[in-house]
Amino acid sequence: MRTKYMLPLVAILTFATLSSSFAQKQKLFNGKDLTGWTIYGTEKWYVEDGLIVAESGPDGEYGYLGTEGKFKDFVLTLEFKQEKDGNSGLFFHSSIEGTKIAGWQAEIAPPNHDTGGIYESYGRGWLIKPDPEKDKALKYGEWNKMKLEVKGDQVTTWLNGQEMITLEDEKIGSVDGQIALQIHSGGGLKLYFKNIVIKPIK
């Protein structure tokens with residue numbers, strides 16, 4: 001009698017576990033507008049054709065698009081496409097005042113400029129850069145997929161399936177903060193973002 005009911009029970013529990021796992025995923029961008037995000041600075045952030053567009057404004061300064069919520073341990077994926085230099089970044093565990101951002105950045109940059117590396121803003125600067133050979137994973141001017149995993153003290157980044165870096169850092173693991181997208185200073189930049197999804201790690 002036990003065997004008769006065991007398989008259905010296992011199936012139910014498996015389904016419940018998978019459903020719970022999928023339910024944890026959250027789309028940070030709804031594909032329609034910037035609900036859930038805050039613009040920092042005078043640079044241009046807008047939605048067009050289902051994409052977040054970041055474009056230099058008349059001031060040509062740093063600009064950020066930050067989440068309203070804070071996150072600590074998570075896996076985040078997004079897709080980006082660069083035009084007109086395309087110097088940007090994916091910030092995490094961050095806090096923003098005006099256009100001053102404190103936290104860590106997974107670099108998004110033109111070829112040979114360390115995409116996937118980790119930089120600490122208003123802190124220690126570069127913490128780790130990818131092996132230069134790994135830069136071949138970047139498809140400049142095309143859509144790229146970045147994956148960022150932050151769990152405790154450990155940070156790992158991937159670019160188009162290529163692991164770029166793994167870093168252990170106690171300072172990162174000690175705080176939480178906003179997710180933010182950056183447009184670099186200098187003017188003349190334009191980037192696109194889509195499919196921004198985060199899954200908290202418990």
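Note: hydrogens, waters and symmetry copies are ignored here, and every other heavy atom, side chains too, is used. Everything numeric here is computed off the predicted structure, so don't read it as measured data.
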Under 3.5 Å side-chain donor-acceptor pair for Tyr192 and Glu48: no
Would you call Asp169 and Arg124 a salt bridge, taking side-chain N to carboxylate O under 4.0 Å as the test? yes
Less than 4.0 Å between a side-chain N and a carboxylate O, is that true for Lys129 and Asp114?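 Salt bridge flag = yes for Lys129 with Asp114.
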Between [X] and [Y] (side chain of the first, backbone of the second, donor and acceptor by atom type, cut-off under 3.5 Å), is there such a pair?
X	Y	answer
Ser121	Ile101	yes
Glu120	Trp126	no
Asp59	Glu61	no
His93	Gly103	no
Lys72	Gly173	yes
Asn144	Glu142	yes
Ser94	Phe92	yes

Mind telling me whether Phe193 and Phe80 have parallel, tilted or perpendicular rings, with 30° and 60° as the class edges? tilted
Parallel under 30°, tilted from 30 to 60°, perpendicular over 60°: which one fits the rings of Tyr62 and Tyr64? parallel
Min side-chain heavy-atom separation [X]-[Y] under 4.5 Å:
X	Y	result
Phe91	Ile179	no
Gln26	Phe74	no
Trp158	Met146	no
Ser56	Glu43	yes
Ile196	Leu181	yes
Asn87	Leu191	no

Using side chain to side chain donor-acceptor pair (under 3.5 Å), reason through Trp143 and Glu79 one step at a time and then give a plain yes or no. CA-CA 6 Å; Trp143 283 106; Glu79 293 178 63; over 6 Å; no
Value rounded to 0.5 Å, distance of CH2 in Trp37 from CG in Asn30: 10.5 Å
First locate atom CG of Leu127, then atom CD1 of Ile172, and finally report the distance between them rounded to the nearest 0.5 Å.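 If we round to the nearest 0.5 Å, Leu127:CG and Ile172:CD1 are 6.0 Å apart.
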If you count every heavy atom of other residues, nucleotides or ligands that lies below 6.0 Å from [X] atom [atom1], does the total exceed 12?
X	atom1	answer
Lys139	NZ	no
Asp49	CG	no
Lys145	NZ	no

Closest heavy-atom contact between Met164 and Thr115?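 For Met164 and Thr115, the tightest heavy-atom pair comes out as CE-O, 3.3 Å.
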Of all heavy-atom pairs linking Asn160 and Ala137, the shortest is ND2-O, 2.7 Å
Side chain to side chain donor-acceptor pair (under 3.5 Å) for Tyr40 and Gln182? Distances and angles first, verdict last. CA-CA 10 Å; Tyr40 298 87; Gln182 180 203 60; over 6 Å; no
